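Every heavy atom of this structure was used, including side-chain atoms; hydrogens, water molecules and symmetry mates were not. Letters go in sequence order (proteins before strands), and every chain restarts at 1. Bear in mind that the values here come from a model prediction, so they are computed numbers and not experimental data.
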Number of protein chains: 2
Amino acid sequence: MSEQNAARPAPKHQQVRDSLAAEIRRLEPHSALASERDLATTHGVSRATIRIALDALSDAGVVYRVQGAGTFAAGPAISKTLSLSSFTEDMEVRGWTASSRLLAADQVPAGGKIADDLGIAAEDEVIRVSRIRLADGTPICMETVHLAADGVPGLLDHDLSTSLYGILEAEYGLRVVRAEQVVRSVVMDVGEAALLGQPPGSAALRVHRIGLDQRDRPIESTTSMYRGDMYDLRFAVQR
Amino acid sequence: MSEQNAARPAPKHQQVRDSLAAEIRRLEPHSALASERDLATTHGVSRATIRIALDALSDAGVVYRVQGAGTFAAGPAISKTLSLSSFTEDMEVRGWTASSRLLAADQVPAGGKIADDLGIAAEDEVIRVSRIRLADGTPICMETVHLAADGVPGLLDHDLSTSLYGILEAEYGLRVVRAEQVVRSVVMDVGEAALLGQPPGSAALRVHRIGLDQRDRPIESTTSMYRGDMYDLRFAVQR
DNA sequence: AAGTGGTCTAGACCACAGA
DNA sequence: CTGTGGTCTAGACCACTTT
């Protein structure tokens, strides 16, 4: 009824979610929101739409619901549910500025493990990009990305110290919307530690990720090594 | 239509979800499901109910949806979204049998950090329970749980080598439905390593958890140390 | 053009919490 | 008892993909 000139208007449930999130930020923890029926009236939408918005806020740990009692502002959460985020976004949450230093970029045969991740043959070629990731100028992570060479012709000609996800989307229409991750604790060897400016024997989080597109097809196989003293994983889990 | 003699019949969307999950298990990855409208007809429910069921399956990574095209069985996932699970459940997924060995159980003043986690005063007393967790008889984790002593009178008289969550729910009506977790990579010191039968300097995942009830009130503050060589975190993330 | 998922409405009944 | 969230229905229109 209002404005539709934008490229694509956000769905109402998203607008309602954001509007509610702003209101909730001004509430004391554990204070009650208006009832779903009232919110439907005041926001001019149906109760079903309100529920979609509250579902999202509940998943994110912003509110909690008690049947028969109401919906309440959650306490100050130390974290949200884990979601797929870029390194840049990840650092922003922590209040740091992200940057990258390219270590190497080349094209090599995939080999068994990477081929398995990407659903290609071991002899097929992959683009391999290794970068140091920095937070406020301090090395915090070493990352190696593998991509099926067939899918990204000419990738090596781009500036790979910028956002790789950005290039993949803009140039090749590849969008990672889902990922499978495995996190382990490891002790860095001499070479790894040197790259991150740490003494050998230091602890690190090793994160292996397979990035998938909207159709569940593998796009990337990436291994990241995060300094254990500067990085942690924070997330909420639910029953 | 079928059986309703149970204490509480599961909601239709859950029944539909489980029924669909069983069907999908027999499908080839990437093959299409029937349309939402068809599923609504064949399952005898409205499309809205089907969508709730498919939302859950999509969140769990069992199916993926492509607007305008359809809903498809996902590829073999290495993991699901992280959810709140007990140590026993966690080990079962890995095909191991869980057991516990009680190290110590006592009552002490909370101290600043723990008090902060539990929302009590630093002088207030907490029950502290330390246990070794074993998988197939092998020590895999050392865990220390803190609970506000006021909330669990007589807890120390129970058999604490069994399920602590079970005791909390059965004896005190305390149910952890949500938790905030922080995961770090650390190197074990001599004492920690000895308890887990590892050489000093080995890598470990340190997981700090604050368990919350349905009303977002803290119930437990727990620190766990998992052997890095035997334990990893696997999970799917989404945009 | 036809079919799909994405969104949205305006109702309804139920189980539960709280006064 | 009243009000709440939890579930469910039977429609509708839109944006998108596929033929």
Taken to the nearest whole Å, CD/A:Gln67 to P/D:dG5 is 10 Å
Here the distance between atom P of D:dC16 and atom CZ of A:Arg215, to the nearest Å, is 14 Å
Between CD of B:Gln14 and C1' of D:dT7 the distance, given in whole Å, is 11 Å
Those residues at least two apart in sequence (or on a different chain) that pass side chain to side chain contact (heavy atoms under 4.5 Å, CB included) with B:Ser163 are B:Tyr165
(message) Looking at D:dG6, I'd like to know if its phosphate oxygens (OP1 or OP2) sit under 4.0 Å from a side-chain N or O belonging to B:Lys12.
(response) no
note: B:Tyr64, atom OH; C:dG5, atom P; distance rounded to Å ~ 13 Å
Residues passing the side-chain hydrogen bond (donor to acceptor under 3.5 Å, both in side chains) test with B:Ser100, sequence neighbours excluded, are B:Arg133
Do A:Asp55 and A:His13 pair up side chain to side chain, a donor and an acceptor below 3.5 Å, judged on atom types alone?
no
By side-chain hydrogen bond (donor to acceptor under 3.5 Å, both in side chains), A:Asp159 pairs with (sequence neighbours left out) A:Ser161
Cut-off 3.5 Å, no hydrogens considered: what does the side-chain donor-acceptor table look like for residues 169-178 of chain B, sequence neighbours left out?
residue  : atom : partner  : partner atom : Å
B:Tyr172 : OH   : B:Pro153 : O            : 2.8
B:Tyr172 : OH   : B:Leu155 : N            : 3.1
B:Arg178 : NE   : B:Asp216 : OD1          : 3.3
B:Arg178 : NH2  : B:Glu180 : OE2          : 2.9

Those residues at least two apart in sequence (or on a different chain) that pass side-chain hydrogen bond (donor to acceptor under 3.5 Å, both in side chains) with B:Gln238 are none
So ring-ring contact (aromatic ring centres under 6.0 Å, His included) across residues 28-50 of chain B, not counting sequence neighbours, yields B:His30-B:Tyr64
So ring-ring contact (aromatic ring centres under 6.0 Å, His included) across residues 105-131 of chain A, not counting sequence neighbours, yields none
Note: contacts of residues 17-38 of chain A with DNA chain C (heavy atom, under 4.0 Å) are A:Arg37
Numerically ordered, the residues 43-59 of chain B set in heavy-atom contact under 4.0 Å with DNA chain D is B:Gly44, B:Val45, B:Ser46, B:Arg47, B:Ala48, B:Thr49
Rounded to whole Å, the CZ-P distance (B:Arg65 to C:dT7) equals 9 Å
